[in-house]
Each structure stands twice: as structure tokens, then as C-alpha cells.
Undergrad: 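This is the structure, below, for whatever I ask next.
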Number of protein chains: 2
Amino acid sequence: MPTVGGRNPVMSDVAKVAGVSHQTVSRVVNGHPNVREETVARVRRAISELGYHPNSTARALVTRRTNVLGALAVDTTLFGPSQTLAGIERAAREAGYFLSIVSADDPSPHGVAEAMNHLVQQSVEGCVAIAPQRELVHALAALPGPRPLVAVEGGEGAGFPVAGVDQEQGAREAVRHLLDLGHRTVHHISGRSDWLEAEARVHGWREELRAAGRTVTEALPGDWSPRSGHELGRRLVELRDEGEEITAVFVANDQMAVGVLKALHDAGLSVPGDVSVVGFDDIPEAAYLTPGLTTVAQDFTRVGTAALELLLGALDAPSTDAPADRTVPAALRVRGSSAPPPA
Amino acid sequence: MPTVGGRNPVMSDVAKVAGVSHQTVSRVVNGHPNVREETVARVRRAISELGYHPNSTARALVTRRTNVLGALAVDTTLFGPSQTLAGIERAAREAGYFLSIVSADDPSPHGVAEAMNHLVQQSVEGCVAIAPQRELVHALAALPGPRPLVAVEGGEGAGFPVAGVDQEQGAREAVRHLLDLGHRTVHHISGRSDWLEAEARVHGWREELRAAGRTVTEALPGDWSPRSGHELGRRLVELRDEGEEITAVFVANDQMAVGVLKALHDAGLSVPGDVSVVGFDDIPEAAYLTPGLTTVAQDFTRVGTAALELLLGALDAPSTDAPADRTVPAALRVRGSSAPPPA
DNA sequence: GGGGTCGATGTGAACGTTAACACTGTTGCT
DNA sequence: AGCAACAGTGTTAACGTTCACATCGACCCC
């Protein structure tokens, strides 16, 4: 850190060295026209000589623009949220914004309020909330938090724009794929019931079966974790032993699918020989599980980018009340874990 | 957003309503003593009536404290970095700081410089850099970036404090475990060679074998991805077919271990019957792979917390030049993928 | 009862930047 | 020649806080 008299150099220090006024320095820094080329050069030289860089705080005070966006993150142990966050970060930086993150450990109104308050204190200009849980979305809508606000995976009609993957379409494609292979119906292990994504996938699964006129069994509710996948996988084996025909399972995320694969394997069942399994997310491990997991890929980075685009749009035109949503398609990836049912 | 005459309320608005000077409002807001209780109450009332909240920018300008810390993140698709980041965020918030993140897509001096510049522009008070790559650490050390700076997993002797997991100890425990089971030696699939963690694990593996007087084979270099684990797993199978005795493999991370398990399985080899496999990281899926993966757990959250403690320490006592490091122990988790060698 | 301390409050000046306006000198047009 | 327009620059006043200091009672102790 170069200093002038023991402190960071400021605009007027540069001005003195360059022999101009501080305002001219400001003009050079901000790339204003109407500064003589030679003056620009002199100021530039002084800037690098002193190692000056503008004080963003002072600038923010007078312009009333902090250039900071906030991001509310949830449980980053999960693949999706952490990926989305990365996408948001990149897009924010490209747009010239700083990104301040805060994680909401619990989705209760209190927890959300505290997290949002943290962002408000920081005078963020806008905020992206990764809001996969119903409760969180409601808390968000009720709160006097930072605005504009864009939600990721937050369902619709909450009063703010939403960016997300088309969960229902993804689920339908997974089911369609299994039906096309010849399965009579498809069982479902669902995600946490308080998550909107879980609900959308359940809905897509059910509707696709209904449309095809197939039996709709009851979904087995999990919590996204490999552990719960394993437990419910065992439950599936039990049901099968009791005589229920189970040849295909659509699992609401890949982590649970890992547990399901283990449960089936431990029970001596072959995947896809006896049972086909399809997951959701396409985590990096998916292709290298045994067998390779057929799954539905979500482009999280693109979701993050889309969310930030919505936010930037809202910042540009704050008047537009109608929240325009952005939906990113999901893509089926067929691998070894799905095959025709046993003959 | 409540307003006074169309703009956000400021301190003097509150002062006017409460019938005091702006300075008294400031005192109340900052919890100074020496304000009459009744005055405090009146000011508080005025604050909530107007929906006032202090302008952090103005405060930062005069106090010269932004209350913002920076975090340099790398590839957040990886389990470790994203977990660590979460730990850092929580600790920062608890300490009353905001956290601004920036991700360095590439670890080259240029990429790092750009990322760091972004943080400098923001006047962060300090920075935690997740710096697992040698090149990144060097770039960081050479750069006039934000100070104080704390590195996570950054190796030692770079000139700034480092927090990290004791990689070498973890690797040694993994190897020790396999030797104790009766294996004559242990093969190793290593991580990206430009990563310090990869190097530390190689070193721990090699030293533990040497100390036990065992043959040290050449490590097979991977890149952390399940794909590379799969490829090198196949290579291992080839070597075994050529007559090399391979009964135990220490894989530098769990994601690669997933690929190795698949390769072994596809070659008709049993884990742990024919070959034992031990990973590193303890990702949530590890226990539910087939078989459950023996691995070395890293407490990433604790690393994040430790890093932030180092940073806060450096902020309190900026004079202390000697960087005190913080090392978090790794813990072996024995599961089904490791067993005695075939007889 | 007078000087000193302390509690409770107000006043004015920073902090470092940008916005608004004023001021020069040159150019171009009539 | 005169006047407007404009490029190039400087001057001053914000922005909303906190800090340093001043003020004014009340209280205490010898």
C-alpha cells in the first residue's frame, strides 16, 4: 500500500502531483470526455506513481449507488445452490457489481429476516435469493427486505420475478423415458416436502403418469440426503417383496439415488436388470456410479445468470411491476441405470 | 421503504422527530452510554416510526471501516471449497462483518490479479483466499492485493497465515489403516499436481509407506474428477492384469474414488474382496456408495471458521508479523471399501 | 460555597468523492 | 467585429455519518 504522509492517497494528492484540480482527476478516473489528452496522461502518471485507487465508499456516498448486490444462499452442501451461487457471482462481476452473500441457515421468518436485515444494512442495490423452500418464499414476500428482489427456484406468484429450471418438464421427461422403455408405471422417491422443487417434480411425475393412463403410486418422501435415499430404497425392496410390481423408480435427486442404488444392490437386485433408476441434477459423480446414473441435468450456472439478468432488468426499469420469469429447460441424460423392465 | 419527502430518512430526520440533535441519534444508534433513558426511548420511537436505518456508506466513510471482508473462492463445483466458503460466511457474519465473494476462474497471475483488484476496489478490510493451488498462492504473495490476507489450504511460508486440514496426517492414517489390514503396499491415485493438497497427500502416503519399509509405487496422477478416477482405475486394472500386485488403493479424493469403484466393478473385481479403496473428503455420498467408502473426513466448516479467526486476529494486531497457522486434524472413517487383502 | 468532576446534550468540522455551476480561451458563424 | 457554442478546467457544495470539542447543569467534597 503506497501512502502519502502515512495515509492512503486521495484524489487531491493525485491532483497536486499532476498539477490539476481534484475534479479533473475525477474526470480522468471516470473517463469523462473533455479532458485534454496530455492532461489525462499526466493524471494517469500521477495515479500510478502514488498507487492511488478511488475510495468506493466516498463515491457510493455521493452517487447513492453502492454497486453491491446481495445474495441469499441456503444450505451450500447441496450441489444445486452452490452451483447457482457461482453463476450469480460471475454474472454480477461481469455486470460490474460486487456480490455480498449471506446464508440463511434456517428458512423460518426469523432466520430470513435476520439474513435480509444484514443485506439491508449494507445498502445493497438489489438481491437474489436462492429460495427453494415454500416457507422461505413466504417469509421473503412478507418482509421489508432489500428491493428489487429476484428469487431462484422460488415458485411463481410471490410478487417478485423468479428464475429457475423447469422442474416439471424435467420430471415428465424422466417418467416418459421410463414408460417408453416399457415400464408399466414408475415409483417416485420425492425430496423434502417443504421444497418447491420437490413438489414440482412430484407434480410432473404424477401428471405424466396420469396422461399415459398409468397407476400412480404414493410417493415416498425423502429429504434429499443419500441416507434417506438408502432408507427409502430399502422400503421399496420391502414393498417389492410383498408382491408390488416395482420396475422403475424416479428419484428426486442424485444424492438420494446413490442411496437407492446401494439399497437395491444390497438386496441383491440388479440395476437396471430388475429395477431402473433415474435421478435428478446430474452431479459430477452421476456418470461414474455403478451403474452410470440416468438423470435429469439442470444448468445451474445458467439459472444463476438468468436470475442476475432479471435483477439487472429490474434495476434498470424499476417501474415494471409485472414480474417476468425465466425458466431454463432441464435435459434428460440417459445412462446405464435405466433399461426395459425384466421380461 | 419508508421515506421522508421522497427520500430515505437520515439521521437528522430522526433527530427532528425526536426533538434532539443528530449527534444524540448517532449515540443511540451506536449504543453509547450517557444518554438519558427517556431520550433513548424517544429516539428509538422516531427511528421505527420513520423506518430509519443508518447509512453504512456514510459511516464507513468517516470511520474508515467498511466492515466488509473479502473471500476469494475457487471452483465451487468441488465439495471442499464450497463448504469452506459456507464456514467463512457464517463466522464473518457472527463477527459482524459482511462478506463479499469473488471467484477466480483461473489461478493465473492475471486472473488472480483481476479478482483481487475487485476486492481492493471495494475497500475490504481483509481477505480470506481459498488457495489450494501453488500457482495461485504465488500470485497472491506477489500481488499488492488486500491486506491482511489469510489463505486456506495454501501451504506455508507464503508470507501470510494459513488455515487448513492436516492433509499429510490424513493421508498417513489412510495408508496406515490399509497396512494394518495386512496389505503389503498401497497404490495411490493423486489429485491435480498443481494443487498443494494433492502434493501433501502424496507426501503423506509416500512417507508412511517408507516408514513402514514398504515398496513405494508411482502415483497415478488424476485431476480430482470422477472421470479421471475412472480412467486411472482402469489403468490400475491393466497393471494388475500385467501381474502387478494391487490390493489397496488410496485415492486422493472421494469423487475420483467413485470413478475407481466403477472401473474396478466393471472389470469384475470386488471391492474390498480383491482391492481395498480409501478416499479423501467424506462427501455426503461416501457412506452410501457400493460399497460404503472408507475415507478421510475433513471438517471444512471448521477450516473456514479457523481462517476467519486468523483474519480477525490479524485485524486486531496488525503488527504481528509472524503468521500463526491453524491446522485442523483429518479423521479416518472406516467403511466397507477396505478390508484385508485376498489370501 | 466554590472549584472540580461527571452526565447529558449540542455544534462544527471532517471523511473523499461527484454534481452543478462558473470561468476562461478558442472556434465558428453571421 | 461580435456573439454563441464549446472544450477544458476550477470552485463550491453537497452526500450522511462520526469525532472532537464546547456547553450547561447537577452533584460532590473539603
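Values reported hereafter were calculated over all heavy atoms of this structure, with side chains retained and with hydrogens, waters and symmetry mates removed. The sequence lines fix the lettering, A, B, ..., with proteins before strands; numbering per chain opens at 1.
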Undergrad: List the atom of A/Ile101, the atom of B/Glu89, and the distance in Å for their closest heavy-atom pair.
TA: O-OE2, 3.7 Å

Undergrad: Using heavy atoms to find the nearest nucleotide of DNA chain C for B/Thr63 and B/Gly19 separately, return the residue whose nucleotide is more 5′.
TA: B/Gly19

Undergrad: At their closest point, which heavy atom of A/Asn8 faces which heavy atom of A/Asp13, and how far apart are they?
TA: O-OD2, 4.2 Å

Undergrad: Between P on D/dT12 and CD on A/Gln23, what's the gap in Å once rounded to a whole number?
TA: 13 Å

Undergrad: Answer with yes or no whether B/Arg64 presents, from its side chain, a donor or acceptor under 3.5 Å of a partner atom in the base of C/dG16.
TA: no

Undergrad: If you round to the nearest 0.5 Å, how far is SG of B/Cys127 from CD1 of B/Ile88?
TA: 9.0 Å

Undergrad: Is B/Thr24 close enough to C/dG10 that one of its side-chain N or O atoms is under 4.0 Å from OP1 or OP2 there?
TA: yes

Undergrad: Between A/Asp194 and A/Arg134, is there a side-chain heavy-atom distance shorter than 4.5 Å?
TA: no

Undergrad: Can you check the A/Asn55 CG to D/dC15 C1' distance for me, whole Å?
TA: 13 Å

Undergrad: Just to be sure I understand the rule, does A/Ser21 reach a base, reach only the sugar-phosphate, or reach nothing, if contact means heavy atoms closer than 4.0 Å?
TA: base

Undergrad: Can you tell me the distance, in whole Å, between the CG atom of B/Leu61 and the C1' atom of C/dT18?
TA: 12 Å

Undergrad: Expressed as a whole number of angstroms, how long is the span from B/Arg65:CZ to D/dG16:P?
TA: 23 Å

Undergrad: Heavy-atom count check: over 12 atoms from other residues, nucleotides or ligands less than 6.0 Å from A/Arg44 CZ?
TA: no

Undergrad: On a heavy-atom basis, which atom in B/Ile130 and which in B/Leu85 lie closest, and how many Å separate them?
TA: CD1-N, 4.2 Å

Undergrad: Identify which nucleotide among D/dT17, C/dG16, D/dG10 has an atom closest to any side-chain atom of A/Arg27, counting heavy atoms from C-beta outward.
TA: D/dG10

Undergrad: How many whole angstroms separate atom NE2 of A/His22 from atom C1' of C/dG16?
TA: 10 Å

Undergrad: Return the residues of residues 32-43 of chain A meeting this criterion: a heavy atom under 4.0 Å from some atom of DNA chain C. Order them by number, or give none.
TA: none

Undergrad: Taking CZ from B/Arg59 and P from C/dG16, how many angstroms apart are they, rounded to a whole number?
TA: 18 Å

Undergrad: Which part of the nucleic acid does B/Val20 contact within heavy-atom distance under 4.0 Å: base, sugar-phosphate only, or nothing?
TA: sugar-phosphate

Undergrad: Hey, is A/Arg90 close enough to A/Glu94 for a salt bridge, meaning N to O under 4.0 Å?
TA: no

Undergrad: In whole angstroms, how far is the P atom of C/dA14 from the CE atom of B/Met11?
TA: 20 Å

Undergrad: Among C/dA13, D/dC15, D/dG16, which nucleotide has an atom closest to any side-chain atom of A/Val62?
TA: D/dC15

